[in-house]
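These notes are about the structure you will find just below.
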Amino acid sequence: MRKLLIVTLSVLLSGCVQDFAIYMFDGQDHSLTVRRQQRYFWQDTVEVQLMATNLPQCQRLHTLSTDAPADITVELFAAGDGIWNIRMGKQLWQAETNTCNELTEMENDPKADLGQPIGQFVVVDDKLEFEPAPQAAAPAQ
């Protein structure tokens with residue numbers, strides 16, 4: 001009976017999504033990581049988090065959404081001096097990686113200059129990946 005319970009639980013939990021993709025800049029200690037996690041197989045949505053890292057000064061986890069679709073797209077723009085604009089659907093945030101302060105939610109104005117497009121975090125073959133923008137050069141610091 002115990003073996004049946006273990007097998008049943010493993011089957012139920014096997015449909016869950018849990019992955020991440022990283023954009024590293026200025027070496028390995030400076031990065032932005034997007035993580036998506038589906039806690040239960042019956043959910044149609046995922047939790048999306050952003051980790052801003054600038055070691056050894058700071059590392060901070062921000063929740064972008066608790067009910068995003070599993071096939072998310074998170075766009076990344078460099079606004080200079082360690083400031084990053086992050087857009088997911090109709091939501092827009094500004095993150096800062098020098099001291100990893102709180103994430104700032106912004107008004108998503110389609111005409112606003114968000115900075116240099118760096119790339120996007122997208123789901124490819126059911127796996128979250130970072131795809132650089134076609135002409136993404138080193139971000140302005």
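Residues Ile86 and Leu92 have side chains not in contact (no heavy-atom distance under 4.5 Å, counting atoms from C-beta outward). With a 4.5 Å cut-off on side-chain heavy atoms, Gln120 and Thr73 count as touching. With contacts defined as side-chain heavy-atom distances shorter than 4.5 Å, the pair Trp84/Ile118 qualifies. Looking at Val122 and Leu128, their side chains never come closer than 4.5 Å, going by heavy atoms from C-beta outward. Looking at Val46 and Arg39, their side chains never come closer than 4.5 Å, going by heavy atoms from C-beta outward. By the 4.5 Å heavy-atom criterion applied to side chains, Arg87 and Leu114 are counted as neighbours. Considering only heavy atoms from C-beta on, Asn98 comes within 4.5 Å of Asp81 through its side chain.
Smallest separation of non-hydrogen atoms from Ala68 and Met88: CB-CE, 4.3 Å. Nearest heavy atoms, Leu32 versus Leu76: CD1-CD1, 3.6 Å. The two residues Thr97 and Phe25 come nearest to each other via the heavy atoms OG1-CZ, 4.1 Å. Across Pro117 and Ala133, no two heavy atoms sit closer than the pair O-CB, 3.5 Å. Nearest heavy-atom pair, Cys16 versus Phe41, reported as atom, atom and distance to 0.1 Å: SG-N, 3.6 Å. When all heavy atoms of Val124 and Glu131 are compared, the pair lying nearest together is CG2-OE2, 3.6 Å.
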Margin query: Applying side-chain contact (heavy atoms from CB on, under 4.5 Å) to Gln94 and Glu105, what does each step give before you reach the verdict?
Written below: CA-CA 6 Å; Gln94 192 167 73; Glu105 191 162 353; over 6 Å; no
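For the atom pair Asn54 CG and Ser31 OG, the distance stands at 9.0 Å (nearest 0.5 Å). One finds the CG atom of Leu61 at 11.0 Å from the SG atom of Cys100 (value rounded to the nearest 0.5 Å). We find the CG-CZ distance between Asn85 and Phe77 to be 7.5 Å, quoted to the nearest 0.5 Å. Here Glu47 contributes atom CD and Gln49 contributes atom CD; the two are 4.5 Å apart, rounded to the nearest 0.5 Å. Separation of atoms CD1 (Ile22) and CZ (Arg35) is listed at 12.0 Å; rounding is to 0.5 Å. To the nearest 0.5 Å, atoms NZ (Lys127) and CZ (Arg36) are separated by 9.5 Å.
Judged by distance alone, the side chains of Thr53 and His30 never bring a donor and an acceptor atom under 3.5 Å apart. Using modelled atom types and a 3.5 Å distance limit, the side chains of Trp93 and Thr104 yield no donor-acceptor pair.
Note: the hydrophobic cluster containing Phe130 also contains Val123 (ILVMFWY, side chain heavy atoms under 4.5 Å, direct or indirect links).
Looking only at distances, no side-chain donor or acceptor of Glu129 sits under 3.5 Å from a matching main-chain atom of Phe121.
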